[in-house]
Each structure stands twice: as structure tokens, then as C-alpha cells.
Amino acid sequence: MFDILALLAQTAPTAAAYASPWDSTKLLTREQLRQVVIEHAKRHHQSGTGLPIEGASSPTFAASALSVREAPASVARPSDMLSAMKRLRAMSKYGDNWDGEGAPAPDAAVVEAAITLVGFLSPEGLRMRASLDAEGRPLLLLSQGEEEGEVVMTSPTTFNFAWFGGLEDQGDIDVIFDGNHLPSTLRDALPKRDLAVAA
Amino acid sequence: MTAEACRLAWIEPGGLQAARTIDVAFPKGECEVFSLSMPERAAVADDELVARVLTSPGDYDLTIQEILTGKLTNCYAGGLSLIRSGATDDEILSTVATLLAAEDAEGLVGAVVVSARVLRAVGTPERYFRVYDTDAPGNLSHADIVGTFDTAMSKSAWDKAHRKRRRALRDAMQQHILHAVTPEDLLLQLRAAGI
Amino acid sequence: MRFECLWWYGTLTALGYADRAAQRMTRGAMAALAHWRPVRDTHAIQSAQLGVQFGQPAGDVLFRRADAAVSKQAHPAGFMERQPLNAGPFPFPFVLPPGAIVEQAEQGYVYGRREESGGIAEQFTLARDGFKYEQFLYSRWAPFRERAALLMSSGVEQFAGVSSLATITSGYVDVFEFSGSEEPDVSEVISADSPFVAGGSHRSSVLWHTYSGFFEYPDPATRRLIQVNIDVLPGDPSGKPHMIKIVTQVVDQFGQAESAPLDPEQVDWAFIVNHADEQHQRLKGLLAQVLTPAAAQAISLA
């Protein structure tokens, strides 16, 4: 009798991909593979997503394939980074007198650079707000606790920044930003995390 | 130093250079005793109440209930607009309407109502800010907060310094906010506060 | 486990899960992207991943050394949470003498960085045979790449010294959510002419999917698996919106029978990044071939 699952098992990637994590010298037999196929297919059917469920995979990296899953439920509230990106994207479309008080329109290329910078700053754990200054330049307002600072993009490849509230005020002007790395002069000025590790 | 000289320093070249031009020309604040608008208009006295309309998200962060220092950069460009005491209802409502129509405004927050003395005292014993009577289209009762410049500082030192001064201005203004949902509500509150 | 796309499609067909009775996709006039929203507003990336897998699992010494290197970078980078990697189901057949107890060796760790808002923004996995970095608050490729380098580069180069490189995997999960009140029309987001939508398939706004996969050979040592999986999922009365999920994945495979051998000396972090950069561009191209112009514009996909 035509055994679709057996056929599928034979056409699957080499059995080496399914090697038991407990003994990498042993490969699964055809019957073992058939059982794995059935198990995973059942999970698919139950999940309704049609794709592997993260967390049910074996511990080998080969098993932790990309899965279509909801973002972890804990990412529930909008993050400062996403809000800042959204605001900058909206502001990049402003025209002259966007503030009702005569400010010039922002330069779209400078705003794009600010969006990239937001991405680099996001993991630093700071509160972040995006704004424009009186000259239409993207201005990132940052804070952590009692410390605060700001970064103003002055061109697509340069920014000025200042940081206050730490042991001493810090800042620099005309910092080169190539879009590939967070400049160390800014990174070093930002407050360091508390390294106590959660249990 | 004459009223006319002060006025010229404010309007030529004017625009985003106005604040720097007048402060460099008159670093001791000599022009504060004059109107930069019309000779017949009075300068802004220390005791006079002035109002700065706040909108969100440009001026004010609703989530942390705080004035954003970004808009305060106007102090170092063309001035940060204020409504003076004695402004008519039309002037106030027109100002609010103009600000609410701006691209960066989604809603009205209210206004900072504070005496000019409080603004001028920021940075004491130094003077970080001056308050001038100035022109505005359709509004005779208009003033501007204008920052002072320390030209002795290096470029990088000044960049840090003026950002810190804006924080001080924010802290001073933060304590004097009237919240309002509609322009009409704000008008009533401004009148009640003495504007 | 990772399955080739064709294999999965066959599996799902066998279970009767794939396309059933004909339901033609509503093909109304192409509307502006007014009824679908990218899940992150300025972009649709729910998850971005970069993984590096090696051919042989690391022994204890190498694994612990790699874990030490990762921890050294992870903690200052804000990864304050760590948990053991899920051991998964017991393998079978597994015949034990009565009363026997089998200890499972530690298989790896998952590190997480939690934002103040409460959500996990980044996740890093160290397994016996590789590494995976994942962002749930993606912004741009360059910051993503820099974070991956911070966490992964040292461990990867340690593993590369003793084990053969098996795969480099990059992928994105893009999600669009429906925000209208009428019947959702996926044609606003998914191009009717997309080469990755199965020809002749019957699409509706309700449950529907199309999965594609094929190989490319970008260089003699690399076999590149391309996968594009599109799922259309219904909302539910609880308020969960209709969703379009687009999974794009590029897996560069090394050491394949038809490929030239990879010189282990050339496998360093720069090698990984070169492939990852190429994969990133390829993934953008794949997504562009799925989306309508309006949807592409909504997420600033150049």
C-alpha cells in the first residue's frame, strides 16, 4: 500500500539532519523518522499556523528553524524605539513651517540617518523621544533615571550630542556616523547597565 | 544703543539668526527695555505674565507629562513665541489655532503661564534667557524668549552648554502648566490666571 | 527540525491541511494600503533572525568556553535573563532497563534582553551546534548585524576552529494586520502576480497559505535554500485581527555533496557577515516579489 509518509520520509533532507541529539553517531531509522513526521504534523494541525512551533524543537540548532509565531506576548506595549521611528518617519514628510513658527522642513536623508541611529541606541536601555529642533534637524531626547541627554543629527553622516547627570557632563560635536556602527564616543558617554543578573 | 538699533539687530538678518544676532550685538541685554516691534509698544516687564501654548506631541510628552526640550531650541533661533498679558480673545484663539494647525501638533495640552521674571531668572546669577516684545502676524501682544550666547566658549563646549540651559528652562516652565482640552477652555483658564 | 519546503507541503497535503475546496481570491480593484497595517507601523518585521550552525555538536570544553564568551558580552549588552535550551522530546525508540535514569547533558542556553516596557526585544541562543540571534524590535540591518556580531562572533570563531560550518541562516517574519471592518482583501498586500503564490491556488481572506522553496548556487561552495511561506490567518471574536504572515528564509548550506569543499581556514566572522549581508539583500528582494507596490511603500522597502 502506498505509504505517503514513508515516501515523504525518504525524500526528506538526509537523516543526518534528524540525528538524535543524545548520540550524534546514531541516525534515526525510517520508522523513527516516520514517527517524528507524524508528531510534528499533528502539532502543525493543532497550531493552525502550518509551521513548526518554537519550543517543541529538539535542542540541536538544526531544529530551531524559523517559526511563524506571534511575537512573545511580553512585547505588548509600544517600545520607545518603535515610537521614535514612527515619529521620525512622519516628520520626514513635514514641509516648511511644520511647527507653525517658521521652522524649515527637515532633510529626509538626515531623518533617515536618525532612524538608523535610533536602531543602534535602542538596546542601550534608554528612554527615547524623537523630535525636530528649530532648524528642522532630527533631535533624539534620551534619558535614564536622573540622567539625560540628546543627539541632534546635523547631516546624514554627523551628529552632535550631550549627556548630563552623570559624574560629569559629556558631549561632542561633528561626530562621524557611518550608519554601520554606534560611534564609541557616544556609546562611552551613555550610562552603563547594572550587571546584576536575574536569577 | 537705541530702540531702532535693537529692532534692526532682531530683524536683520532675522529668521533663524535673530537670537544670535541680537545677543552678540547687545550681550548685556540692553534691548530688553525696548520693544523690538513698535516704538509705542512697551517692553515686557518682570511682573508681566506671559503664556506659552503647548501642543502634543511636539511640545509635550503626554506619557511622562513633561515639556520636551526640543521645541525650546527656538530660543536660540527665531525666538520661542509667547502670548503677552492684554492679548485679545481673537489673538489668543488665533495663536492656538495656528499652533494646532501645525504638522507636528495632534492635540492641545494647555499653556505655561509664568511671569517674565521667572524666565529671566533661569541661570541666575547668569542670564540664560531674555524676554522681548516682538512682532507676530496678527498678534500685537506677542513676545519671544530668546537665549543668550556665550561666545567665549569653544564650539563643543557651547553645544553642551546651551543644551543644558534648555533643560533649566524646561524645569522652570514645568511647574507652571495649565492643562486645557479645547482652545475655549484654555482661553478661560488664561484669563483666570491673569493673562 | 528543519524540513525542506517541498517535504512539508507534502506532509500537510497528506493530512488534508493544505488547499481544499476552491475559493477564489477576491480580486477587487487594487486599493491603497488603507486596511492593512504593518505590525510595527514603520515596518512589518515581527522577527528577524541570523543563525550559524556547525556540523558537529561541541564537546563540553568548547561549549563551556563559548558560553563564557557569550556571557561576557551578553550581560553588559542587557541580556539579563538566561534559561536552559529546551531539551525537547525524548528520542525513540529508547529502551531503558527498568529504573534507569538518564541525565541529559546541557544542550544550550537562551539569553533574553527585556525592555523596560516588559517585552523581550532580543533573544540569543547558544546551542551545542550553533548560535542564533533574534530581534523582535527590529529597526535596520546595520544595528541588527552589529548586535549579532557582539554576541556571536567570538563563539562562532571558536566553533569554527574545531567544527565544520554547516549553515548560515537569515530570515524575517513579516506581519500585516487587518484594521478594517469589511471583509479583508489580501490583494492589497500580496501581489496577485507574485511568483511565490502557487499558481491556480484558490485564495480567500480566510485560512490560506502558499509555501515555496528552491535552491540557488551563489558560489561553488554554497548551496542556498530559499523559502517563502505566506500564511493568511483569520481573526477571532476576541479581537485578534486577520493577519498575513510572510516568512522569508535564506539558508546557505556548506559541505553538500554537489558543492565544492569549504576551506575551514576562511571561516571567520567576516565570512559569516559577508554571507549574511548577501542574504539580507536577497531577503529584501524576495519580500518585494511578494508585496504589492502599496505594501512595499508602506514599509519603505526600496
Side-chain angles (χ1 to χ4, degrees), chain A residues 4-5 8 11-13 17-18 20-22 24 28 32 35-37 39-41 44-45 48-52 55-66 68 71-72 74-79 81-82 85-86 89 115-116 118-120 122-123 125 179-182 192-193 195 197-198, chain C residues 1-4 7 10-12 14-15 17 40-42 46-47 49 51 53 56-57 75-78 80-81 85-88 91-93 104 107-108 113-122 125 127-130 132 136-137 139-140 142-143 146-147 169 171 173 209 229 231 245 247 249:
Chain A
I4 182 71
L5 289 174
L8 289 169
T11 59
Y18 309 129
S20 162
W22 318 120
S24 60
L28 294 178
Q32 291 167 350
Q35 293 299 324
V36 169
V37 167
E39 275 300 314
H40 275 268
H44 270 221
H45 187 64
T49 64
L51 282 169
S57 53
S58 90
T60 59
F61 182 76
S64 53
L66 250 159
V68 176
S74 51
V75 182
R77 292 177 353 207
S79 80
M81 183 196 81
L82 292 179
M85 285 177 66
K86 184 178 179 181
R89 187 54 53 73
I115 292 175
T116 302
V118 162
F120 281 106
S122 174
N180 289 314
H181 306 285
L182 184 64
K192 302 296 176 283
R193 283 191 177 81
L195 296 186
V197 178
Chain C
M1 294 188 180
R2 181 174 63 79
F3 298 94
E4 289 180 11
W7 191 87
T11 302
L12 298 171
L15 289 172
Y17 184 78
R40 300 285 189 239
D41 287 322
T42 56
Q46 187 185 71
S47 161
Q49 296 187 10
Q53 184 202 356
Q56 300 81 36
H75 295 159
M80 301 303 196
E81 300 180 33
L85 188 56
N86 185 6
F92 49 83
Q104 295 183 13
Q107 295 303 308
R113 182 179 74 79
R114 191 178 296 273
E115 290 225 313
E116 277 202 23
S117 61
I120 293 290
E122 296 173 276
T125 303
R128 285 273 178 174
D129 64 349
K132 182 174 68 173
F136 303 113
L137 290 178
S139 60
R140 289 273 166 86
E146 186 174 72
R147 292 292 280 183
T169 303
V173 178
H209 67 256
N229 298 345
D231 280 82
K245 290 190 179 182
V247 178
Q249 186 176 21

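Note that the structure is a prediction, hence the values are computed from the model and not measured. Every chain is numbered from 1 and lettered A, B, ... according to where its sequence line falls, protein lines coming before strand lines.
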CA sep, side-chain torsions, deciding dist, call: Leu137(C), Leu82(A), side chain to side chain contact (heavy atoms under 4.5 Å, CB included): CA-CA 7 Å; Leu137(C) 290 178; Leu82(A) 292 179; 3.4 Å; yes

Which heavy atom of Gly179(A) sits nearest a heavy atom of Ala142(C), and at what distance? O-CB, 3.0 Å

Side chain from CB out, backbone as N, CA, C, O: work out which of these in Met85(A) comes under 4.5 Å of a heavy atom of chain C, or both, or neither. both

Applying salt bridge (charged side-chain N to carboxylate O under 4.0 Å, His left out) to Arg113(C) and not counting sequence neighbours gives Glu115(C), Glu122(C)

CZ of Arg89(A) to OG1 of Thr42(C): how many Å apart, nearest 0.5 Å? 5.5 Å

Nearest heavy atoms of Ser139(C) and Gly119(A), plus distance in Å: OG-CA, 3.0 Å

Could you pull out all residues at least two apart from Thr116(A) that satisfy side chain to side chain donor-acceptor pair (under 3.5 Å)? Arg140(C)

